[in-house]
Each structure stands twice: as C-alpha cells, then as structure tokens.
K.L.:
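Just passing along the structure, written as structure tokens.
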Amino acid sequence: MTVDLGLTDRVVLVTGASAGIGRQTARAFAAEGARVALTYRTGEDRARALVEELGGAADRALAVPYDLADPGSVDAALAEVERRWGAVHVLVANALRRGRRRPPGGRTEQVPAGEWQPLLRDNLEQTLRTVQLVLPGMRARGWGRVALLSSHLTRDGAPGQEFYAAGKAALHGFARSLAWDAGPDGVLVNVVSPGLTRTDGVLADLPAELRDRETGRTPTGRLSTPDEVARTIAFLCSAANGNITGSVVEVSGGR
Ligand SMILES: NC(=O)c1ccc[n+]([C@@H]2O[C@H](COP(=O)([O-])OP(=O)(O)OC[C@H]3O[C@@H](n4cnc5c(N)ncnc54)[C@H](OP(=O)(O)O)[C@@H]3O)[C@@H](O)[C@H]2O)c1
C-alpha cells in the first residue's frame, strides 16, 4: 500500500508563511503538488521570494497581505484566494502576532489590559474568523482540512506566557467542538502543537540557555525542526488523513 496525500491541485492557504514554520509548511504542500496561497504581514519580499520558489510564474503560488490586527485584511486575503483559484480546500492557521516580552521580575497582574486584550483579540478572534470564512466552501464541497497552530506552552506553561497560552489553549476547545459540527460535512480540524522549534526567529532571539534547557527536557534530546512540524501539518491536512479530527497532535520530541 502506498500513502497518497491526495493534495495535487488542492488550494492550501497558509497564514504567516513568510517565515518560520509557515514558510516550511508552504513548501511541504507545494512539494505535494498543491497550489499554495501564503500570507505575510511585514515580510512582503520574503513572501514574494517564496512564491517564486514555489512556482508563482506557473500560477502554483501566490502571496497575499494578511494582518491579524486588521479584520479587513483577513476578508480581503480570503476573497483574493477565492477569486484567483475558486476555493480554499485547506487552511493552516499559523500566523501569530507576538507580544512584548515581559521584563524579568514582572508579574502577570502588571500586564496592562491595553497590551494583553488586543493580543488575544488579534490572535484568537481573527484566527477563528478566518476559519469561519473558509467553512462554507469546504462544507459545500464536502471536503476540507483545517490545522490550527498551538504550542506546548498550553500544557507546560512558562512565566511570561500567560496570555499567549490562554489564546492558544482556546483553540483546543474550538477544534474539539468544530470537529463535531463540521465532521459530518467532510471537514476535519486538528490542532498541531509544536514544542520549541528551530526557526530562524528562535535561533536568533531566544537566549541560548533557554534553548539548552528545553533541549535537556526533551526525550529525543533535540528540538523539532520547522520541516518536522510542516510534514505533520501536511499529513493531517491531506486525503491520507481520513478520520483524525478534534485532536491535538504534539510535535515536540516527546517533551
Ligand atoms: N517556533 C516555535 O518554537 C513555536 C513553538 C510552539 C508554537 N509555535 C507556533 O507556530 C506558529 C508559527 O510560529 P513561528 O515561530 O514559525 O513564527 P515566526 O517565525 O515568528 O513567523 C510568524 C509569521 O506570522 C506572521 N505575522 C506576524 N505578526 C502577524 C500579524 N499581526 N498578522 C498576521 N501575520 C503576522 C509573520 O509575518 P511577517 O514576517 O511577514 O510580518 C510570519 O509570517 C505560531 O502560531 C506559533 O505560536 C511556534
């Protein structure tokens, strides 16, 4: 028996694909013959370079602006993909608006509402809205796949990550219930929860001692690569995934 992912010519929308896990996810779907729409916020040049790499000239890839802080841009991005390719078969909700890192010694209760409320609103509400926008088409076609990117921090926690983790954990409850609602229509929805992953951002910004600490707590003795997360997403969002839905799949080396 061979495993056919059945992704040829499927339209895949990957949000936040101008960097990190999203960029590698776009590559993984393109390698399976999918048409890939990728979104960027500030990284237009990086997104356009990726479109070229994935066959933009042959209409295999396209880049659209998408800003979680701007609901109008969410609508416009979806409309542009549907106008160009007529459908969204797969949604990978990966984009993340990062918050300010809390200064050492700072407490949860000192984070101003003006800081954490917009962060939750953008990351959670606009991600859920993006899912709402793709669902009618998926239901009508009787086939769809959704992956929501979460984090091991929903389980492990870490000081300074309270509001980030709250927003991510909410995705788990959403996916569990959406699985019931959309499953009979052929739409499967799963959460992919990476451990600390060797993206350019993590390698450049995270203090080495934190990376070493995480590595030491990981049964496989190493951090995940963006490619390993991307391949998991591609499988869950493929035709080879026939009946996995409402699950949280961890890609964390057993952390
Ligand atoms: N890397 C890890 O260790 C790790 C661990 C656990 C979970 N995750 C999750 O995996 C996902 C990807 O993380 P990553 O580390 O690969 O991220 P990343 O390298 O920081 O890339 C973030 C992506 O999101 C886009 N983005 C940033 N702000 C945005 C906004 N306000 N609206 C829309 N898009 C925005 C960026 O676009 P521009 O660059 O164009 O601005 C970029 O394409 C996230 O959901 C994250 O929570 C990551």
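For the numbers below, each heavy atom of this structure counts, side chains included, while hydrogens, waters and symmetry mates do not. Order of appearance sets the numbers: ligands from 1, and atoms from 1 within every ligand. All of these numbers come straight from a predicted model, not from anything done at the bench.
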K.L.:
Any salt bridge (Lys or Arg N to Asp or Glu O under 4.0 Å) involving residues 171-191? Give me the pairs, sequence neighbours left out, ordered by first then second residue.
P.N.:
R139-D181, R139-D185

K.L.:
Just to be sure I understand the cut-off, which residues have at least one non-hydrogen atom under 4.0 angstrom from an atom of ligand 1?
P.N.:
G16, A17, S18, A19, G20, I21, Y40, R41, T42, G43, R46, Y66, D67, L68, N94, A95, L96, R97, R98, L149, S150, S151, Y164, K168, P194, G195, L196, T197, T199, V202

K.L.:
What pairs of residues pass the salt bridge (Lys or Arg N to Asp or Glu O under 4.0 Å) test when at least one of them lies in residues 239-249, not counting sequence neighbours?
P.N.:
none

K.L.:
Cut-off 3.5 Å, no hydrogens considered: what does the side-chain donor-acceptor table look like for residues 248-255, sequence neighbours left out?
P.N.:
unit_1	atom_1	unit_2	atom_2	d
E250	OE1	R155	NH2	2.8
E250	OE2	R155	NE	3.0
S252	OG	R255	N	3.4
R255	NE	E214	OE1	2.8
R255	NH1	D156	OD2	3.4
R255	NH2	E214	OE1	3.2
R255	NH2	E214	OE2	3.0

K.L.:
Check whether S73 reaches the backbone of D67 with its side chain - one donor and one acceptor, N or O, closer than 3.5 Å.
P.N.:
yes

K.L.:
Can you tell me if CG on D70 sees more than 12 non-hydrogen neighbours from other groups inside 6.0 Å?
P.N.:
yes

K.L.:
Could you verify whether a donor N or O on one side chain and an acceptor N or O on the other, from R129 and Q126, lie under 3.5 Å apart?
P.N.:
yes

